[in-house]
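Down below is the structure, laid out as structure tokens.
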Amino acid sequence: MNLPEINTNLFKQLRFILVETSRAGNIGAVARAMKTMGFSDLVLVTPRFDNALLDPEAVAFASGAQDILSGARVVGSVAEALDGINFAAAVSARLREFSPPVLTPRQMAGQLAAQPELHAALIFGNERFGLPNELVEKCNVLINIPANPEYSSLNLSQAAQVLAYECRMALLDGAPSPRQPAGDANEIGFHGEAASIEQIEGMYQHLEQALVQVGFLDAANPRKLMPRLKRMFARAQLEKEEVNILRGIARHMVGQRKP
Ligand SMILES: C[S@@+](CC[C@H](N)C(=O)[O-])C[C@H]1O[C@@H](n2cnc3c(N)ncnc32)[C@H](O)[C@@H]1O
């Protein structure tokens with residue numbers, strides 16, 4: 001059997017981020033899921049127990065993926081975990097009213113393969129609570145595994161395995177098709193450099209301040225204006241230059257000029 005030639009650099013495009021994981025075994029099992037599919041960049045955001053990388057249950061579940069587990073980084077915030085990332089994907093069993101565009105794992109994997117310039121992160125939630133809405137609203141996309149509607153919540157590491165498998169298949173196959181013309185809601189395409197999550201977050205803060213200052217947004221009663229705007233901007237998949245334009249508009253709204 002001819003095995004496909006593997007460009008291992010492509011597998012560095014993707015980071016797995018686990019937020020506030022409660023069970024050490026799940027962290028080990030995610031490390032194993034990643035390694036079996038060729039991924040290695042694992043970041044843990046405030047696991048809910050001490051010594052996550054040395055925990056005996058984590059070590060046991062990692063099995064032969066000890067190197068991924070011991071190479072993982074433990075950080076104190078999602079912002080730190082997203083350092084260097086320009087495409088953040090919230091992985092969630094729950095669909096929300098204020099959500100970025102929803103993709104299946106296969107569609108997400110297709111995006112990754114089609115855009116080697118992306119530095120993407122898959123963000124997985126806590127076993128009981130999943131991911132908070134405020135975090136999901138900041139992401140470029142929400143990935144939902146379209147499971148049995150009557151029982152759709154997978155174990156954390158099994159969800160990671162599904163994502164890792166789909167991404168591996170897409171990266172091995174190469175880009176599935178040329179980018180779709182703009183207008184297909186499920187196809188995410190950048191023409192220039194994708195804005196980083198940090199740049200987009202800075203723009204939201206700037207815009208929010210400007211909207212308050214011009215009296216459009218009532219800080220005491222904001223209703224759902226910012227979540228709605230974030231959902232709208234997430235649909236647009238902002239590029240760095242576009243974020244700069246929006247910041248320029250915010251500056252002008254409050255009468256500031258760039259020095
Ligand atoms: C056991 S689930 C958490 C369930 C939690 N009750 C919720 O509402 O999200 C743990 C994590 O696995 C992932 N997950 C489980 N099932 C999923 C699905 N059907 N689609 C996407 N992600 C899923 C998500 O990252 C989720 O945060």
Side-chain angles (χ1 to χ4, degrees), residues 13-37 39-49 52 55 57-58 61-62 65 68-69 72-75 77-82 85 87-112 120-170 185-186 188 197 227 231 234:
Q13 255 184 284
L14 187 62
R15 179 175 300 167
F16 286 64
I17 299 176
L18 308 185
V19 181
E20 296 197 14
T21 310
S22 300
R23 291 297 306 261
N26 280 334
I27 294 179
V30 170
R32 184 174 184 171
M34 289 171 60
K35 185 165 178 179
T36 53
M37 297 298 131
F39 299 97
S40 56
D41 188 358
L42 174 62
V43 180
L44 313 177
V45 180
T46 55
R48 293 191 162 196
F49 51 90
D55 186 285
E57 191 181 272
F61 276 76
I68 307 296
L69 184 63
R73 287 186 294 126
V74 181
V75 299
S77 67
V78 175
E80 274 177 82
L82 288 173
I85 294 297
F87 194 84
V91 184
S92 178
R94 250 182 315 132
L95 299 175
R96 289 139 163 102
E97 188 186 357
F98 295 105
S99 160
V102 178
L103 302 186
T104 63
R106 196 158 295 173
Q107 288 168 328
M108 168 70 202
Q111 293 307 318
L112 199 64
L122 300 173
I123 311 175
F124 297 86
N126 168 272
E127 292 88 333
R128 263 187 78 196
F129 309 111
L131 291 170
N133 290 342
E134 312 81 71
L135 172 54
V136 172
E137 285 165 16
K138 286 179 191 170
C139 290
N140 297 80
V141 291
L142 183 147
I143 311 297
N144 180 255
I145 301 167
N148 175 3
E150 282 160 31
Y151 188 54
S152 62
S153 179
L154 283 77
N155 164 272
L156 169 59
S157 66
Q158 290 169 346
Q161 186 74 73
V162 170
L163 263 301
Y165 171 75
E166 289 290 350
C167 291
R168 178 176 181 82
M169 294 312 289
N186 286 329
I188 312 294
I197 302 303
R231 183 175 57 180

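One-based numbering, in listed order, for ligands and for the atoms of each.
Checked by atom type and distance alone, the side chain of E127 pairs as donor or acceptor with a backbone atom of S22 at under 3.5 Å. In this structure a side-chain-to-backbone donor-acceptor pair under 3.5 Å is missing from Q111 to M108.
Partners of D41 according to the side chain to side chain contact (heavy atoms under 4.5 Å, CB included) rule, which considers only residues two or more places apart in sequence or in another chain, are R15, V43. Residues meeting the side chain to side chain contact (heavy atoms under 4.5 Å, CB included) test with P149, sequence neighbours left out: none.
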Show me the donor-acceptor pairs, under 3.5 Å and distance only, between side chains in residues 95-102 and residues at least two apart or in other chains.
from : atom 1 : to   : atom 2 : distance (Å)
R96  : NE     : N133 : OD1    : 2.7
R96  : NH1    : S92  : OG     : 2.8
R96  : NH1    : R94  : O      : 2.9
R96  : NH2    : L131 : O      : 2.6

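Rounding to the nearest 0.5 angstrom, the gap separating the CD1 atom in I143 from the OG1 atom in T104 is 7.5 Å.
Residue-level contacts of ligand 1 at the 4.0 Å heavy-atom threshold are V91, S92, A93, R94, F124, G125, N126, E127, R128, G130, I143, N144, I145, S152, S153, L154, L156, A159.
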